[in-house]
Engineer: 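Before I ask anything, let me first share the structure, which is written out below as structure tokens.
Reminder, nothing fancy here: chain letters follow the sequence lines and each chain counts from 1.
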Amino acid sequence: MGKFEKGPAEDILSVCKKFFFGGFLFLPILWLINFVYMYPIIRARNDLSHDVRKYAFLSLAGAVLWLLILITWGIIFETQRDVWGVRGDMLSVVIPKGR
Amino acid sequence: MLPLHSHRSHGHWRPSSPSFPSFLLLLLLVFLVRAPHPAFADLLDTTVYQALDLAPCTRLLNASGVIGCQNFGASGVLYAIDTSDDLASFVAGTQKDSYVAVVPMAMLTTSTIQTLRNTGKLSAIVVTPGTLLPSSSSPFTPLATSGFEWNPNGTSLSFQSFDIPIYAAWPTSNASQVNIDAINEAVAYNRDKGYNGYPMYSADFDGLMYAQRDSDTCLRRGTCDPVGSVSIWSSHSRLITPSDTKPILLVAAALDAASFFHDLATGLDTHVAGLVAVMAVAEAMARSPTSPTTFAKHILYTTFAAEAWSRAGSERFARDLRTFTCVKDKDAACPLVNQACGRPCVANTEFRNVSWGNIESILELSQILGPLYPTSPPSNLTFYTHSSSATSSLASRLAAASADALVRIVPAQGSNGLPPSSSGAFARNGVPAVVVVEHSGAFTNSYYNSELDGYPYTTFNASLYTPTVCSVASSTAKTLWRLAQNLDANATLPTGWDVNCTVVRDWLDCFVRNFSCPLVTGIPFSVSGATHVSHYSGVWNYYNPNPIAYVVSNWLTSTLAHTKGPAGGCNASSPCSANGNPSGTSCIYNQCVAATVKYHYAYGTGLEYDFDKGYFTVVDPAQGTWTESRWYSTRFRIFMATSRTIQGVEVAVGLALTLASGAGMWWTRRWVNEKMKQA
């Protein structure tokens with residue numbers, strides 16, 4: 001464990017909170033990082049506030065939700081972009097030739 | 001192997017740093033694995049592959065979808081499917097590879113393709129003429145109107161969509177026979193091995209069609225272009241004005257034809273015969289002792305382009321005559337240097353002088369070849385006029401003019417109305433129309449809009465068809481000559497005046513067998529060295545008509561010339577602008593000439609250029625909206641392929657070598673560095 005992981009519980013909660021609320025700025029990767037980073041610490045330490053656990057798992061839930069949304073969008077976009085006509089083209093960065 | 005320090009001890013060289021030898025080794029490795037020199041790559045390519053010149057099936061689109069072929073990259077072992085037994089054997093076979101079926105034209109049917117596809121082993125199809133031609137083969141639609149099928153042999157093959165490449169090895173010239181021979185040899189080699197003894201001949205195909213979904217989508221994405229070309233309208237009259245009271249007689253023919261493989265379209269009976277007859281009529285009329293310019297009526301020769309594609313040429317011409325409105329005289333978005341109208345963007349607007357109300361009738365020469373492949377010129381044929389009205393004076397005049405001719409032209413019995421033709425666009429809007437054809441009911445040409453309509457091109461004998469086509473042209477010319485002067489149907493004709501059958505024969509030959517004939521090569525900037533050119537319309541653009549439209553318009557300009565310089569008054573190095581030739585003339589057959597011969601844009605009436613968006617859009621899905629996909633390459637190559645197992649071993653050995661090289665490199669480098677440190 002590094003210096004931070006062994007540091008004061010308040011600091012860990014503070015960082016965990018910042019990552020959690022930062023994720024609401026359409027940054028689900030922050031939620032994912034928050035969970036992946038915090039989970040081993042939560043398991044290793046018993047002195048942490050329950051809020052750390054709460055924020056970490058809420059971050060995980062948010063990240064999974066985002067993943068589901070992105071997968072759903074990906075499927076809808078790939079199958080429907082042609083049907084949407086001009087709008088579909090405008091949403092496309094690269095239009096595959098012939099498909 | 002001597003250690004490197006022994007070299008140093010002999011004073012050969014001294015490394016500037018301990019890692020220098022390993023740097024040299026790295027350099028050697030980079031040299032060995034870098035891309036080969038282009039010349040070496042070409043050599044490798046030509047050693048491994050043999051590229052053949054085949055005609056591809058390409059993709060077209062309309063407002064509702066796609067037709068033709070798509071190719072996302074295909075390759076496979078060549079496999080001959082000559083008979084239904086071969087097909088059954090292929091279906092039942094347990095081979096695991098991908099195959100390219102080599103089928104004769106007689107086997108190219110929807111059901112064959114479907115059966116082959118269902119095996120899951122087919123990657124592409126190559127079509128050859130085969131030894132036996134099918135008795136009927138029309139990939140066009142049955143052309144049903146009111147339940148009556150005009151083209152009963154129509155299979156609609158050209159209007160289906162296939163997700164595999166289909167190419168044709170076809171003898172368009174004597175030289176192109178090598179392509180067929182190569183395919184036949186390769187497939188015979190595989191067959192002799194029972195399709196089981198690798199290596200075997202395989203083929204791979206390029207030909208990704210960029211366009212997708214439908215015309216509206218591909219036009220917006222810039223992956224297709226409107227199918228079309230230019231129609232041509234021409235007249236002896238130097239000036240036609242809306243205010244002159246002269247009635248107008250339209251004489252029409254189609255300027256192009258279609259086929260499953262566009263490069264092979266010829267349409268000998270589908271369009272060439274009618275086109276040549278109209279050209280011969282114009283030539284005869286130009287020689288009339290009484291100048292046609294003095295006739296009581298204007299004669300307009302109209303040849304319509306892209307007629308196989310929703311009658312694009314005739315529909316657009318008829319519509320423009322009736323409703324064309326120039327919204328803006330000049331428009332920066334119009335790419336033409338000389339804009340007769342900026343929006344819509346057109347190069348000439350003289351057609352506006354052709355007043356719709358002055359058009360007295362339209363006479364169309366359509367399928368007038370007579371029997372295909374006769375052993376000698378036929379005699380005593382009867383052709384038919386189909387009229388838009390029950391009683392047509394034009395039809396009865398044609399019957400009278402042809403009463404004693406080789407080909408009698410009589411009114412068709414029955415009530416099926418006009419056959420599918422260019423005249424439809426005029427008849428629908430009240431212009432009396434008469435279509436001259438060889439059939440009284442359904443088409444007798446069993447190869448309508450097929451590759452076989454005129455095949456084999458290389459041995460085409462125009463003399464077999466000349467008397468028939470010339471006879472129809474002659475009766476038509478005589479009828480028009482009398483009608484245009486308001487003369488009686490039996491009025492005496494000028495002595496010795498008739499259609500020149502040599503013109504008919506020469507043009508038939510040029511269009512089918514030898515496009516490098518003197519009639520074509522005498523026209524500047526025409527195609528050179530070509531034997532057979534495609535009669536497919538191609539894609540429309542502002543500047544370049546297809547080769548057929550180009551030579552026909554130039555020949556008509558020479559034939560109908562109202563202004564002429566001296567014969568031999570110009571050539572390639574001495575243009576008409578020099579040597580005191582008449583102004584506004586063009587050098588054709590080494591003579592400066594000018595005539596009333598105009599192009600008219602021909603693309604589907606359901607398509608229009610959107611000046612705000614900067615591309616064509618579909619404005620009416622119910623009208624013609626045909627577009628052709630763009631593509632980069634339609635290459636076809638054959639090569640020797642090893643078995644899948646050997647290919648797997650090759651990949652494994654390659655990988656092993658790469659890993660061994662890496663390990664060797666790593667070990668050598670470590671060894672060298674150690675030795676350097678010791679030194």
Engineer: Using a 6.0 Å cut-off, check whether atom OH of B/Tyr615 has over 12 heavy atoms from anything other than its own residue.
Structural biologist: yes
Engineer: Counting only heavy atoms not in A/Arg53, do more than 12 fall under 6.0 Å of its CZ?
Structural biologist: no
Engineer: For B/Arg213 and A/Gly85, indicate whether the former's side chain and the latter's backbone hold a donor-acceptor pair under 3.5 Å.
Structural biologist: no
Engineer: Who among B/Met209, B/Gln212, B/Arg220 has the most heavy-atom pairs with chain A under 4.5 Å?
Structural biologist: B/Arg220
Engineer: What do you reckon, is CZ of B/Arg319 surrounded by more than 12 foreign heavy atoms closer than 6.0 Å?
Structural biologist: yes
Engineer: With a 4.5 angstrom heavy-atom cut-off, could you sort out which part of A/Asp82 is near chain B: side chain, backbone, both or neither?
Structural biologist: both
Engineer: Counting only non-hydrogen atoms closer than 4.5 Å, does B/Arg59 touch chain A with its backbone (N, CA, C, O), its side chain (CB onward), both, or neither?
Structural biologist: side chain
Engineer: If I compare all heavy atoms of A/Lys97 with all of B/Phe72, which pair ends up nearest, and what's the gap?
Structural biologist: O-CE2, 4.3 Å
Engineer: Should we say atom CZ of A/Phe26 is surrounded by more than 12 heavy atoms from elsewhere, each under 6.0 Å from it?
Structural biologist: no
